[in-house]
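Please read the structure below before turning to the comments.
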Amino acid sequence: MPEKPVVLLTGFEPFSGQPFNVSAEGVRLFCEGGDQGERAELSWRVLPVAYDEAALRLGEAIDELRPRVVISVGICDEPRYRIERIAWNLDDAEVPDNKGEVRRSQRIIEAGPQSCAAPYPHDELARRLEEKGLPWRFSESAGGFLCNHVFYHLCHRAVVPGSGIECATFLHVPPLGEGEETGGLVDVIGCAVDAALDRLS
Ligand code: PCA
């Protein structure tokens with residue numbers, strides 16, 4: 001039997017004084033729910049909301065797990081799911097990260113391209129969300145904070161020939177409080193993983 005593809009999902013720790021970040025809960029619940037266990041080897045990590053450390057942790061997880069699919073998840077302040085398609089080589093946010101670092105107008109990877117298109121079947125994910133009646137939109141910017149930072153590192157790494165990563169993308173999800181119903185979120189993550197797995201060669 002061929003080896004199951006490894007799928008890495010990441011969420012974030014809380015930030016800006018909030019007690020909870022549903023992105024971490026979402027990836028955990030999805031992986032522990034085990035629905036895709038037949039098709040893939042699922043792993044999840046919670047990334048710190050700190051510029052240098054987040055990129056480091058993501059890189060370590062990729063080195064360790066050698067995933068073919070990586071889907072990163074973070075919260076936004078919209079009441080719908082945002083399918084991010086482009087990562088920008090720019091840290092630019094007013095708010096400090098969890099280590100107190102503020103970055104304005106700073107390139108993420110000095111020699112990297114200005115932007116990176118995520119290698120992922122976004123239209124296929126959109127079709128699945130539409131089918132389930134989940135609210136969504138495409139987005140061409142994940143902002144200037146940690147979500148775009150991680151997304152850019154991910155895309156930059158994925159597009160290097162031989163990276164082993166065939167599908168990578170970023171999902172922005174509505175914020176939910178602790179204990180609020182996360183059913184929709186787990187569904188969305190499932191759609192995102194399925195769309196990627198169906199695309200693998
Ligand atoms: N959202 C933030 C960082 C972590 C998260 O969940 C963002 O949109 O950049």
Side-chain angles (χ1 to χ4, degrees), residues 8-31 43-62 70-109 112 114-116 118 120 122 125 134-158 168-182 184-189 192-193:
L8 169 63
L9 296 163
T10 72
F12 281 105
E13 67 180 8
F15 62 103
S16 291
Q18 293 162 7
F20 179 73
N21 189 329
V22 76
S23 65
E25 190 65 356
V27 297
R28 181 184 72 79
L29 286 172
F30 175 75
C31 290
S43 289
W44 61 281
R45 295 285 187 277
V46 178
L47 299 177
V49 177
Y51 289 102
D52 287 334
E53 229 181 286
L56 213 65
R57 296 285 164 272
L58 176 71
E60 284 170 359
I62 291 171
V70 185
I71 297 168
S72 288
V73 183
I75 55 167
C76 60
D77 49 14
E78 271 181 56
R80 55 190 162 169
Y81 299 97
R82 254 166 56 186
I83 304 175
E84 302 294 345
R85 296 194 287 196
I86 306 211
W88 294 91
N89 191 2
L90 191 67
D91 286 331
D92 190 25
E94 268 172 34
V95 285
D97 72 8
N98 283 353
K99 289 193 156 173
E101 186 178 355
V102 175
R103 290 197 180 173
R104 299 310 310 250
S105 300
Q106 207 172 310
R107 287 180 83 80
I108 296 172
I109 296 180
Q114 191 185 18
S115 63
C116 245
Y120 182 88
H122 293 111
L125 171 57
L134 293 159
W136 69 276
R137 75 170 173 94
F138 286 131
S139 163
E140 317 306 324
S141 169
F145 196 39
L146 260 294
C147 287
N148 176 71
H149 185 81
V150 160
F151 187 29
Y152 186 81
H153 274 285
L154 172 59
C155 291
H156 189 261
R157 175 144 183 182
T169 198
F170 195 96
L171 289 178
H172 255 134
V173 305
L176 286 175
E178 194 164 5
E180 275 187 76
E181 193 49 65
T182 48
L185 174 53
V186 171
D187 250 13
V188 168
I189 295 172
V193 170

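Numbering of ligands and ligand atoms starts at 1, following listing order.
The immediate protein surroundings of ligand 1, defined as residues with any heavy atom under 4.0 Å of it, consist of Phe12, Phe15, Asn21, Gly74, Ile75, Phe145, Leu146, Cys147, His172.
Residues Leu8 and Arg45 approach most closely at CD1-CG, 3.9 Å, considering heavy atoms. Looking at every heavy atom in both residues, Glu94 comes nearest to Val102 through O-CG1, 3.8 Å. In this structure, Ile189 and Val27 approach most closely via the heavy-atom pair CD1-N, 3.8 Å.
Note: Phe138 and Trp136 have perpendicular aromatic rings, judged against thresholds of 30 and 60 degrees for the angle between ring planes.
With respect to Glu78 and Arg80, a salt bridge is recorded, a charged nitrogen being found less than 4.0 Å from a carboxylate O.
Side-chain contact check for Glu84 and His172: at least one donor-acceptor pair (N or O, by modelled atom type) lies under 3.5 Å.
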